[in-house]
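Sequence lines set the chain letters: A, B, ... in the order given, protein chains first and strands last, and positions in each chain run from 1.
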Amino acid sequence: MDLRPGVSLSTRVRFPEELPITAHVVELANGIDEHQIIIVAGETGSGKTTQLPKICFAMGRGTQARIGCTQPRRIAASSVAARVAHELDSALGDVVGYQVRFTDKIKATSSVKFMTDGILLAEIQSDPLLRAYDTLIIDEAHERSLNIDFLLGFLKRLLPRRRDLRVIISSATLEIERFATFFNNAPVIQVSGRTYPVDVLYRPPSDDEADLADLVANTVNEITELDPRGDILVFLPGEREIREAAGEIEQRALPHTVVLPLYSRLSAAEQQRVFHSGPGRRVVLATNVAETSLTIPGIVYVVDPGLARINRYDVRTGVSQLLVEDISRASADQRKGRCGRVQSGVCFRLYEEQDYVTRPAHTDPEIKRVGLAGVILRMKSLRLGDIEEFPFLDPPPQRAINEGYRTLEELGALEEGQLTQIGEQLGRLPLDPRLGRMILGGREENALREVVIIASVLGLQDPRDRPQAVQQKADEAHRKFREEGSDFVAYLKLWAFWQDARKRLSRRQLQKICHDNFLNYNRMREWEEIHDQIVRILKDLNFKPGAQPASGEQIHRALLPGLLSKIGMYNPEGRNYFGARQTRFVIHPSSSLARKPPAWVMAAELVETSQLFARTVAKLDPAWLEHAGGSLCRRSHADPHWEQKQGQVMAKEQVTLYGLPIVKDRSVAYARYNQPLCRELFLT
DNA sequence: GTTAGGGTT
């Protein structure tokens with residue numbers, strides 16, 4: 001194939017011969033020249049991520065405006081940028097740079113900019129037509145995260161307004177036809193992968209295999225009998241299943257075998273263990289972190305029970321569910337592909353082939369599984385119009401949209417479809433709207449300093465580590481951060497501990513003190529970075545931190561407007577809480593309030609796992625609720641009667657908030673609620 | 001008596 005007239009490729013850009021994509025360079029360059037948008041489909045190892053930007057650069061793109069390349073994860077954006085910079089014989093930033101949250105390695109000379117998809121989305125705020133780019137490459141589009149679906153819809157609208165712009169959607173070979181159709185029959189260029197064959201064996205449980213751990217251990221045992229070498233990757237839904245399977249495998253006493261757990265909550269050092277091969281065969285027991293985020297080198301066998309915990313938001317109750325589900329075919333195939341990267345492999349699926357065939361083809365995209373308040377807020381804030389009109393590849397159902405509106409109204413961010421001042425301010429904060437609302441509450445209650453610390457950590461995983469083998473020791477170390485009656489204030493204690501250590505200690509010493517106190521150093525740093533970022537934004541918004549330390553009451557009053565539908569009233573019979581919208585929950589055992597449940601609580605989150613748990617909880621004074629609930633409160637009146645002493649008709653008032661009785665039998669003057677009845681009572 | 005994984009102005 002020849003290059004189209006007018007297309008040339010700089011000979012200074014070299015494409016590695018061993019990469020499959022190199023055979024398609026001319027085809028791709030022609031496609032990019034001829035079409036405003038193309039879809040590039042290819043499996044792992046094809047070289048798309050590194051070579052597509054180079055093809056665009058070799059075509060002379062990225063000089064007037066940049067070539068922007070998005071990645072779903074920060075680590076990928078920075079490492080791919082370093083790799084491509086190296087391949088172009090330039091220092092990072094000169095020709096190729098990257099930007100992720102907290103790190104900007106872009107210079108004026110950078111032609112190629114790698115970034116997370118969230119960064120590109122954020123740039124729409126200040127650059128609504130994305131004029132900073134002449135080319136955009138959206139990588140890993142098949143992952144269908146919220147950010148990716150948002151970008152796809154945005155780009156569909158942008159293309160007619162930016163005729164000069166070129167867009168490449170890069171994806172695994174999944175739902176390629178849907179992408180093509182979505183973009184008005186955009187051409188698809190298929191690039192082969194570079195992988196070794198993987199055999200699939202279906203190995204459903206036998207009758208005497210009691211549970212998942214047993215099944216997994218037997219399968220690992222069978223692999224050992226076939227082949228004593230070759231690392232094994234086992235996918236499991238969560239930490240507990242990993243622990244149980246590890247126990248079962250160790251009981252089998254397999255020779256020369258090292259069992260390595262792998263999940264995101266492990267410390268960096270514990271995660272690193274899977275990247276260093278030692279003596280003996282490794283059996284890595286991993287959550288979904290190994291499906292997309294981490295690639296473990298040298299896996300020969302994959303064991304896939306076909307299960308994962310999937311996050312789904314219940315639109316009726318506003319509760320997140322994290323329940324174990326059967327994974328889709330696409331996810332099963334992705335897992336299979338985690339072996340066969342350096343030699344041929346075998347994938348054991350621990351269910352019937354018929355089961356595989358009848359599973360859904362794809363995992364629901366995130367937009368169909370999450371609460372939409374944050375999405376709607378963002379769209380309003382970016383002036384992208386109504387969510388109902390936005391061209392999503394998979395439009396969310398109207399019920400979910402309505403629930404999103406309701407949540408924003410609860411927060412005071414939306415009135416009659418328009419963002420309020422609160423809404424505008426929430427739109428500026430890179431946080432979940434509920435967490436943002438806490439910060440605005442912090443200003444109202446003069447507790448800004450404290451609430452920024454709390455809201456920053458609530459969006460992260462808990463920085464406190466609790467390794468299985470040393471739970472008691474970890475709990476002991478964490479005891480000094482506990483605060484009776486408030487898990488939120490406990491975070492303030494932890495913050496004070498960190499800040500004190502931060503002032504005195506070197507980085508190495510900090511890492512040690514974190515380790516000694518069962519704190520995850522990386523997450524502590526992340527907490528601090530988010531905190532500092534929010535402090536900077538608040539300075540721009542002219543918010544001033546309180547001069548005085550805030551009281552517990554000020555802090556909790558500040559948090560409450562963000563958590564109005566996450567309150568609970570104790571139910572002694574059930575030893576649980578009545579929550580909003582007819583839910584019932586218990587306090588998670590990790591909370592300091594779990595043993596002595598107070599009459600009223602508010603929770604940072606309600607998540608359904610083995611039960612519906614409230615996590616990060618504080619005691620709540622119900623007297624605050626009527627004011628905080630405002631127009632969300634519902635009033636009813638009973639027993640209107642003439643009262644001689646007061647010379648007017650009185651009644652018993654009940655006030656409820658999301659169905660919970662926050663005021664009972666309050667005596668009120670009834671005239672303002674029912675004038676005619678009062679007149680009648682007065683006359684008789 | 002204990003939660004999968006990502007991401008941000």
Legend entry - Side-chain donor-acceptor contact under 3.5 Å, A:Q125 with A:R428: no

Inset, instruction - Just call it for A:E605: base, sugar-phosphate, or nothing, with non-hydrogen atoms closer than 4.0 Å on any strand. - result: base

Inset, instruction - Just compare B:dA4, B:dG5, B:dT8 and give me whichever is closest to any side-chain atom of A:R74. - result: B:dT8

Inset, instruction - Write down the distance between CZ (A:F585) and C1' (B:dT2), rounded to a whole number of angstrom. - result: 16 Å

Legend entry - Side chain of A:R428 (C-beta onward), nearest among B:dG5, B:dT9, B:dT8: B:dT9

Legend entry - Whole-Å distance separating the CG atom of A:D127 from the C1' atom of B:dT8: 17 Å

Legend entry - Closest listed nucleotide, where the reference is the side chain of A:A122 and the choices are B:dT2, B:dG6, B:dT9: B:dT9

Inset, instruction - Output the single nucleotide from B:dA4, B:dG5, B:dT2 whose closest atom is nearest the side chain of A:E239. - result: B:dA4

Legend entry - Between B:dG6 (C1') and A:R101 (CZ): distance, integer Å: 13 Å

Inset, instruction - Using a 4.0 Å heavy-atom cut-off across all strands, classify A:R73 as base, sugar-phosphate, or nothing. - result: sugar-phosphate

Inset, instruction - Tell me what A:R595 touches on the nucleic acid: a base, only sugar-phosphate, or nothing, going by heavy atoms under 4.0 Å. - result: base

Inset, instruction - Ignoring backbone atoms, establish whether A:S264 has a side-chain N or O less than 4.0 Å from OP1 or OP2 of B:dG6. - result: yes

Inset, instruction - Name the nucleic acid region contacted by A:V607, choosing base, sugar-phosphate or nothing; use a 4.0 angstrom heavy-atom cut-off, strictly under. - result: base

Inset, instruction - Mind checking A:S610 for me? I need base, sugar-phosphate or nothing, with any heavy atom below 4.0 Å counting as a touch. - result: sugar-phosphate

Inset, instruction - Return the value, rounded to whole Å, for the distance between atom CD of A:Q271 and atom P of B:dG6. - result: 8 Å

Inset, instruction - Confirm from the modelled atom types if A:R240 and B:dT2 form a donor-acceptor pair under 3.5 Å, side chain to base only. - result: no

Legend entry - salt_bridge(A:D487, A:R482) N-O dist < 4.0 Å: no

Legend entry - Cation-aromatic face contact A:R584/A:Y577, 6.0 Å, 45 degrees: no

Legend entry - Closest nucleotide among B:dG5, B:dT8, B:dT2 to the A:R466 side chain: B:dT2

Inset, instruction - Could you check how far CG of A:L236 sits from P of B:dG5, rounded to whole Å? - result: 12 Å

Inset, instruction - Identify whether any heavy atom of A:E366 sits under 4.0 Å from a base atom; if not, whether one sits that close to sugar-phosphate; answer base, sugar-phosphate or nothing. - result: base

Inset, instruction - Quick one: closest heavy-atom pair of A:I106 and A:G97, and the distance? - result: CD1-C, 3.5 Å

Inset, instruction - Calculate the interatomic distance between A:E529 atom CD and B:dT9 atom P; express it in whole Å. - result: 12 Å

Inset, instruction - Grab the two heavy atoms, one from A:E483 and one from A:S592, that are nearest each other, plus how far apart they are. - result: O-OG, 3.1 Å

Legend entry - No-H, no-angle donor-acceptor pair, A:R378 side chain to B:dT8 base, under 3.5 Å: no

Legend entry - A:R309, nearest nucleotide to its side chain (from B:dA4, B:dG6, B:dT8): B:dA4

Inset, instruction - Just call it for A:Q461: base, sugar-phosphate, or nothing, with non-hydrogen atoms closer than 4.0 Å on any strand. - result: sugar-phosphate

Legend entry - d(CG, A:L377; P, B:dG7) in whole Å: 21 Å

Legend entry - Phosphate contact (B:dT8 OP1 or OP2) by A:Q533 side-chain N/O below 4.0 Å: no

Inset, instruction - Between B:dG6, B:dT9, B:dA4, spot the one nearest the side chain of A:L322, thanks. - result: B:dA4

Inset, instruction - Of all the heavy-atom pairs spanning A:P598 and A:L593, show the shortest one and how long it is. - result: CG-CD2, 3.7 Å

Inset, instruction - Check whether any side-chain N or O of A:S590 sits under 4.0 Å from OP1 or OP2 of B:dT2, and answer yes or no. - result: no

Inset, instruction - Describe the nucleic acid contact of A:I119 in one word from base, sugar-phosphate, nothing, applying a heavy-atom distance below 4.0 Å. - result: sugar-phosphate

Legend entry - Which residue lies more 5' along DNA chain B, comparing A:F613 with A:D117 via nearest heavy atoms: A:F613

Legend entry - Backbone N/O of A:F518 and side chain of A:H478: donor-acceptor pair under 3.5 Å: yes

Legend entry - Atom-pair distance (CG on A:L593; P on B:dG1), nearest Å: 17 Å

